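Computed from a predicted model, the values in this text were never measured in an experiment. We name chains A, B, ... by the order of the sequence lines, and we start the count at 1 in each one.
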Protein chains: 2
Amino acid sequence: MAASAVPTPTLRRLPKYYHYLKRIQGEGQEIISATQMAEDLGIHHTQVRKDLAATGSQGKPKVGHRVADLLASIETFLNWNSASDACLVGAGNLGSALLGYPGFDKAGIRITAAFDAHPSKVGKKIHGVPVYPVDKLEEVIRRLHITIGILTIPADRAQHVAEVMVQGGIRAMWNFAPITLDVPEDIIVENVELYASLAIFSRKLSERGTFRG
Amino acid sequence: MAASAVPTPTLRRLPKYYHYLKRIQGEGQEIISATQMAEDLGIHHTQVRKDLAATGSQGKPKVGHRVADLLASIETFLNWNSASDACLVGAGNLGSALLGYPGFDKAGIRITAAFDAHPSKVGKKIHGVPVYPVDKLEEVIRRLHITIGILTIPADRAQHVAEVMVQGGIRAMWNFAPITLDVPEDIIVENVELYASLAIFSRKLSERGTFRG
DNA sequence: TAGATTGTTAATCGATTAACAATC
DNA sequence: TAGATTGTTAATCGATTAACAATC
């Protein structure tokens, strides 16, 4: 793969811009300057300019950027226009919540199958997505040509499930389990690190606050 | 506040070490070298050493680190030993999932009250946590001396709720809504950016994959 | 035109990686 | 002792911020 020319921090900021732009668009605003965005989002204005430039969007000197253009640029850059089929393994609390999350559709990720180990969940639909037994994982993803896997299972089962996913043809994984998955190099893995945020939060609390106890 | 001497990337990595150490501890391992950790986690060994040093933990040359010591150091460093009371606003899919999340207890965050705008949820308990009407937010957090607020509500209501929280005495917020909250400077805000991870995932897909469509 | 804004090139800052001394 | 490991100091790398030219 070609290494991305776009820094990861930039990618992380793009959704921030996206949601901000959606909001002001909803308020009827059609033009926005990078200066204003920077101020509202608490980011340096040069940073905002570089990030927006990375998506290929261009503004007009003295005028600013068209909100609709920026939104379109971000969507295109992140490839949110073309859709992929995904499955989710682990229909527990977090998994069920994700099945009902509206953001994926927008991002072109269509969850068409869920899997769970508990017989009580199998056969039902959660937010419209059918739940299969987890031992049918390989068979179903192969049959439905699913290429994306979302892991919302406990850490101790994640590695095994990842291996079955690879067997079945999954090419990319979005992993919510707090474990470093060991998969072939050509498989994409993106880890959602909820605990990373919790650690930063905890540290801020212990640094600043005396209001614990 | 004093700026943290510990880099944010280090804080983000600490839970990774923590979960790794918990796992090998569960397998009966008592000693671990930074070299081995680095290899298993795909992180540079010097990085691991610096991160562990930041928590105040020390190893023995030629021997390694005691797993139990490392775990204790991380817990202490993140102040996971002392507990704080927190409330959660927005008992929807994500909110309910968080109420059932075992990680908070471990991190010393005890959710004692939840709030929701839907009358159907009010008065019930979700994972043992009572749900109050959201218009009682200020009153309840004041009465229960709650200092931490978790926001799992739609973006368009987050700013208003944040302001009520500040009114009621909340000093720190863990925000899951995709919006930059505007609160007084002395209020701690940590944003969980699920969409940041999704953006990185989407970009990886569009860079590497031809398996969309 | 004047001035606000864009967008680029240079300087700074901070994190990661490399080199190496210290220790059991 | 020899060698593996720790932990620190220096070098590199990359992102952020500053300075400035270009544009309408």
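Distances shown here put a side-chain N or O of B:R13 below 4.0 Å from the OP1 or OP2 atom of C:dT16. Here B:R49 does not reach the OP1 or OP2 of C:dA19: none of its side-chain N or O atoms lies under 4.0 Å away. Residue B:Q47 places at least one side-chain N or O under 4.0 Å from the OP1 or OP2 atom of C:dT17.
Protein atom NZ of B:K60 is 16 Å distant from nucleotide atom C1' of C:dA22, rounded to whole Å. Rounded to an integer number of Å, the gap from A:L11 CG to D:dT16 P is 11 Å. Atom CG in A:D51 sits about 13 Å away from atom P in C:dT8, given to the nearest Å. B:I31 has its CD1 atom 14 Å from the C1' atom of D:dA4, to the nearest Å. When rounded to the nearest whole Å, the span between CG of A:D69 and C1' of C:dT5 equals 16 Å. Taking atom CE of residue B:M37 and atom P of nucleotide D:dT5, one finds them 14 Å apart after rounding to whole Å. Rounded to an integer number of Å, the gap from CG of A:L52 to P of C:dT8 is 12 Å. A:H44 has its NE2 atom 14 Å from the P atom of C:dG14, to the nearest Å.
Seen from the ring of B:F104, B:R110 does not count as a face-on cation partner, given the 6.0 Å and 45° thresholds.
Nearest-nucleotide assignment on DNA chain C puts the 5′-proximal partner with A:H65, out of A:H65 and B:H45. Both A:V63 and B:G64 sit near DNA chain D, but only B:G64 has its closest nucleotide nearer the 5' end.
Every stem involving DNA chain D, taken as at least 3 paired positions in a row under the Watson-Crick or G-U wobble test at 3.5 Å, is listed here: C:3-24 with D:3-24.
A donor atom on one side chain and an acceptor atom on the other are found under 3.5 Å apart for B:R49 and B:T35. Between the side chains of B:Q167 and B:E163, no donor-acceptor pair of N or O atoms lies under 3.5 Å. A donor atom on one side chain and an acceptor atom on the other are not found under 3.5 Å apart for A:T112 and A:D85. Between the side chains of A:N93 and B:Y101, no donor-acceptor pair of N or O atoms lies under 3.5 Å. Between B:T10 and B:D51, the side chains place a donor N or O and an acceptor N or O closer than 3.5 Å (distance only, hydrogens not considered).
Nucleic acid contact class of B:T35 (heavy atoms, under 4.0 Å, all strands): sugar-phosphate only. If you check every strand for non-hydrogen atoms under 4.0 Å, B:K62 touches a base.
Taking the side chain of B:A34 as heavy atoms from C-beta on, and the options C:dT5, D:dT6, C:dA15, the nearest nucleotide is D:dT6. Residue B:P61 places its side chain closer to D:dT5 than to any other of D:dG7, D:dT17, D:dT5. For B:T46, taking side-chain heavy atoms from C-beta onward, the closest of the listed nucleotides C:dT17, D:dT5, D:dA18 is C:dT17.
Scanning atom types as modelled, one donor and one acceptor separated by under 3.5 angstrom connect the side chain of B:K50 and the base of C:dT17.
Judged by distance alone, the side chain of A:K16 and the main-chain N or O of A:L41 form no donor-acceptor pair under 3.5 Å. Using modelled atom types, one side-chain atom of B:Q29 and one backbone atom of B:I31 make a donor-acceptor pair closer than 3.5 Å.
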